[in-house]
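Following: one structure in structure tokens, then a few remarks.
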Amino acid sequence: MARIELRDVAKRYGSVEVLRNIDLEIQDGEFIVLVGPSGCGKSTLLRMVAGLEPISSGDFLIDGERMNDVRPRDRDIAMVFQSYALYPHMDVARNMGFSMEIRKDPVAERKSKVAQAAETLGLSNLTDRLPKALSGGQRQRVAMGRAIIRDPQAFLFDEPLSNLDAALRVEMRLEIARLHQKLSATMIYVTHDQVEALTLADRIVVLNGGDIQQVGSPLELYERPANKFVAQFIGSPTMNVVPVIGTDTGVTAGNGAAIELPDQPLTAQAKELGVRPEHIDVVDNGTGDLSAVADVVEHLGSDTNIYVNVEGIGSMMVRKHGNIPVNSGEQLGLRIQTENAHLFADDGTALRPVA
Amino acid sequence: MEGKPVIDRAQKTVRPGETRARRSLYLQYMVEPFFYLSPAILLIGAVIMIPLIIGISYSFQSIELLKPFASGWIGFENYVDLWSDRKFWIAMENTLFWTFWSITFQFLLGLGLAMLLNTQFFGKKLFQALVFLPWAVPTFLSALTWAWLFNPVIGPLPHWLAALGILSEPYNILGDPELAMWGPITANIWFGVPFFAITLLAALQSIPGELYEAAEVDGATPWQTFTKITLPFLAPMIAITVMLRTIWIANFADLIFVMTGGGPANSTQILSTYIFTTAFRKLDFGYASTIAVALLVILLIYAVILLWLRKKLVKI
Amino acid sequence: MSAVKNPNPALIVGKYAALAFYLIFALFPLYWLLKIGLTPDALIYSEGTRLFPSEITFSNFTTVIFQTDFVAYFRNSLVVSLGAAFFTTLFAAGAGYAFSRFVFAGKRIIIALMLVTQMFPLLMIIAPIYKIVAELGLLNSLTSLIVVYTAFNIPFATFLMQSFFDGIPKDLEDAAMMDGCSRFQALCKVVFPLTLPGLGATLGFVFTAAWSELLFALMLISKNDAMTFPVGLLTFVSKFSVDWGQMMAAGVLALIPSCLFFIFIQRYLVQGLTSGAVKG
Ligand SMILES: Nc1ncnc2c1ncn2[C@@H]1O[C@H](COP(=O)(O)OP(=O)(O)O)[C@@H](O)[C@H]1O
Ligand SMILES: [Mg+2]
């Protein structure tokens, strides 16, 4: 019902190009998450889909029909704003039913739909309150209620959870996931929080500086990032990236240590090696690929984070499951799980075995 | 996505793109602001801009309603007359005097009031409403009120001034060429203090409270806090308010016009009252426009200098 | 913060002395106006400079209201001020909205032009306006005053309205448009109700300004039955230059509408200045 396509879409403010070459096809019912650092153009892209921002060039299609010039009200898309954008002068019920009020739907139908949505979102006893008398989480729910009441073809979310505290954020995240399962509507969700992206998305679109860096499922992005930016943006803690010199069979790190990478055929062009903290093993001092000194050790119970100094390379991070008995100042050996290592060329693109 | 329940959308009333003709969103975005703007622009253009241009052109013409046959273009003749017009130079001097003392007292008293209102005390809301009241008094009425207050028959001021030894006997200073200007200046101060207080109060309240707490922790004296935190923060606001107010006061003819009409012996004639009396009493529009252009030029020079100074001094 | 301080008693005395000074300075002239207006004619000369009259009367007020053209001036002023306030607010709201919400060609130039109108002497255009109005045959008509006052007040009112609109999150209109409103509908249903304080403040501001404008009214109006308050009162003053009690009574009456309006807008002005009033 709502297959959304963007073909070579660009956005310019005067002479400043904030988005370029955006090609994206979103399947009906798909949950797409746009991630990227602040200012990369996520909101702008979302607002162009909503029709709140004109598209400078390219085509925007819904179900194969060009919709560039269709006004927001005629696109049948609902949006949840970061600020919630609840109408301060209307109570909760009127906020939720506003779209039906505007479309002059029968009052009885509006009332029953509002009651139903309020029920679903646990707002039933708050319907006559003004937004200013609600907590952050409740406002968030009202904003969602306003969107679902319309039963739109697609939902847009612009960082909907970023104004909530950590616990509420997790709760609402689950609720959005449930909502998606229940409604099976197309959803486009903007966030700069990669945990939200990884947990919610069918596919993630990584944006940076106005360009799409990579599109793929969460696992794809984690396992096969297309470039250094995606590699470092997805995954927490951040991937370690160290400069290396590529050789025929592996790479040589700054301290002269040679690392054999049998799984990676393009090692000669490698300029940087990337390894996620969870893909480094701690071994006895003197063995492994690198020798290091533990700097700070964080025992989290379920995991242990070890910040190490590697001579000639600098600091890296290692994360191991469980409780690892390492003390600050201790000499360690590190072994890199070569099958999970990433190599990056000069321009940051990932070097991959030809499949 | 397969296997998820699909809800029935048959009852949907709105289909995308169905209801409206497809005008270009871009075109709409270009045209729409002018829909909201045009009444304002048209009115300003017709009532202010066009007369302004005509007014400037008048200064190169002879337009005296009392001498309808002598009208026509006369080049710079009005300006030559202006240069040798003794009344013009007196008015210029008076304008400086009037503007300088009005703005100085308005500013200092306004700053004091704003700082008082920025503290806590009992009955502050009522106090604020009452001290701001003069701002709401129509200017012609302020002028009449103060004219009456200075009248020894019904006003107490001459008697008080005499009692204080400032005047030798209770007489009306508005009739004394030496002192007359202080009448309208007093009225102007009374009328203008609330304006400064309101703007400066708004600026004061925007200074983050932590700054004062930090200064207090650092052991600053109240005077140091005032000079090191308050004043620098207020400086941009002060500069812009003083500039706008100066221009406004220099143009402000009502008080003087009502209180003294420019007399006695032109001792309170400022440029703007001179413009008005020339146009209104003598109906010599050409010459009135010439004085107005001169005033405009002076004000522009002043604004440029002040903006330049502000750029030099204020680094925010 | 103040709880911790241990203020100097001399400072406290100084502060209250300053408060008293400001209060007396602000109110004394108004008190005097009222006092003379209430003093019986017979006592004006003997008690002219006493702080409190020994006897009060309302006869000055009734004379002014019933036996002079006062009511006509009042009506004219009301028509002119309300007309100017209404149109100014309407047009300034449109312009302020455009400045607040749109980026468009020529925006800077238009803003600059509006600023310029705040800088040059309005007296400069008094002569051309007189001639234009005379040629249109609109001298002595209240319409010409409404048009002129509306134009003069639009620039400042526009900046005022713009700052009120700026205080209303843009997201609200976007949300309304997503909910099915056209921009104009969003303006009417969402933005407008939230701008009521701003509209009130602007309305009151323009009303007060128009109520007290003197010079253009003097220039454009010479017939008694079209005179506004300031002009009327001024001619009144020259006509009855000995009847102090009546003049002051008329002054007090002239004061009432603008003070009422001031009390009404004060609340909104403060609200407007401390923006963010509508957030959440
Ligand atoms: N109205 C505008 N005019 C000019 N530049 C804008 C405008 N709106 C956004 N931008 C620019 O576009 C870029 C993308 O903004 P945005 O989409 O809000 O980023 P994000 O939501 O990813 O943080 C930013 O660099 C921003 O400065
Ligand atoms: Mg954003």
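The sequence lines fix the lettering, A, B, ..., with proteins before strands; numbering per chain opens at 1. All values below were derived from every heavy atom in this structure, side-chain atoms included, with hydrogens, water molecules and symmetry-related copies excluded.
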Original post:
Are there more than 12 heavy atoms of other residues, nucleotides or ligands under 6.0 Å from atom CZ of C/F192?
Top reply: no
Original post:
So what's closer than 4.5 Å to chain A heavy atoms on C/K170: side chain, backbone, both or neither?
Top reply: side chain
Original post:
Which heavy atom in A/R103 sits nearest to a heavy atom in C/G180, and how many Å separate them?
Top reply: NH2-CA, 3.6 Å
Original post:
In terms of heavy-atom contacts, does CZ of A/F60 have more than 12 from other residues, nucleotides or ligands at under 6.0 Å?
Top reply: yes
Original post:
More than 12 foreign heavy atoms under 6.0 Å from OH of C/Y31: is that the case here?
Top reply: yes
Subject >> chain C contact via A/A78 - side chain, backbone, both or neither, heavy atoms under 4.5 Å >> reply: backbone
Original post:
Looking at A/G14, A/S83, A/A85, which one has more heavy-atom pairs under 4.5 Å with chain C than the rest?
Top reply: A/A85
Subject >> Under 4.5 Å from any heavy atom of chain A - which part of C/E173 >> reply: neither
Original post:
For the residue pair A/L86 and C/L172, what are the closest heavy atoms and their distance?
Top reply: O-CD2, 3.2 Å
**OP:** Measure across C/D179 and A/I102 and return the closest heavy-atom pair with its distance rounded to 0.1 Å.
**Re:** O-CB, 4.1 Å
Subject >> A/E25 atom CD, neighbour heavy-atom count above 12 within 6.0 Å >> reply: yes
Original post:
Taking everything shown except C/I109 itself, do over 12 heavy atoms lie less than 6.0 Å from its CD1?
Top reply: no
Subject >> Closest non-hydrogen atom pair between C/C181 and A/F98, with its separation >> reply: SG-CE2, 3.6 Å
Original post:
Between A/R150 (side chain) and C/M178 (backbone), is there a donor-acceptor pair under 3.5 Å?
Top reply: yes
**OP:** Measure the CE-NZ distance between A/M90 and C/K189 for me, rounded to the nearest 0.5 Å.
**Re:** 8.0 Å
Original post:
Are more than 12 heavy atoms from other residues, nucleotides or ligands located less than 6.0 Å from atom NZ of A/K111?
Top reply: no
Original post:
Is there a donor-acceptor contact under 3.5 Å from the side chain of A/Y87 to the main chain of C/A176?
Top reply: yes
**OP:** Locate the shortest heavy-atom distance separating A/R73 from C/S182; write the atom from each residue and the value.
**Re:** NH1-CB, 3.6 Å
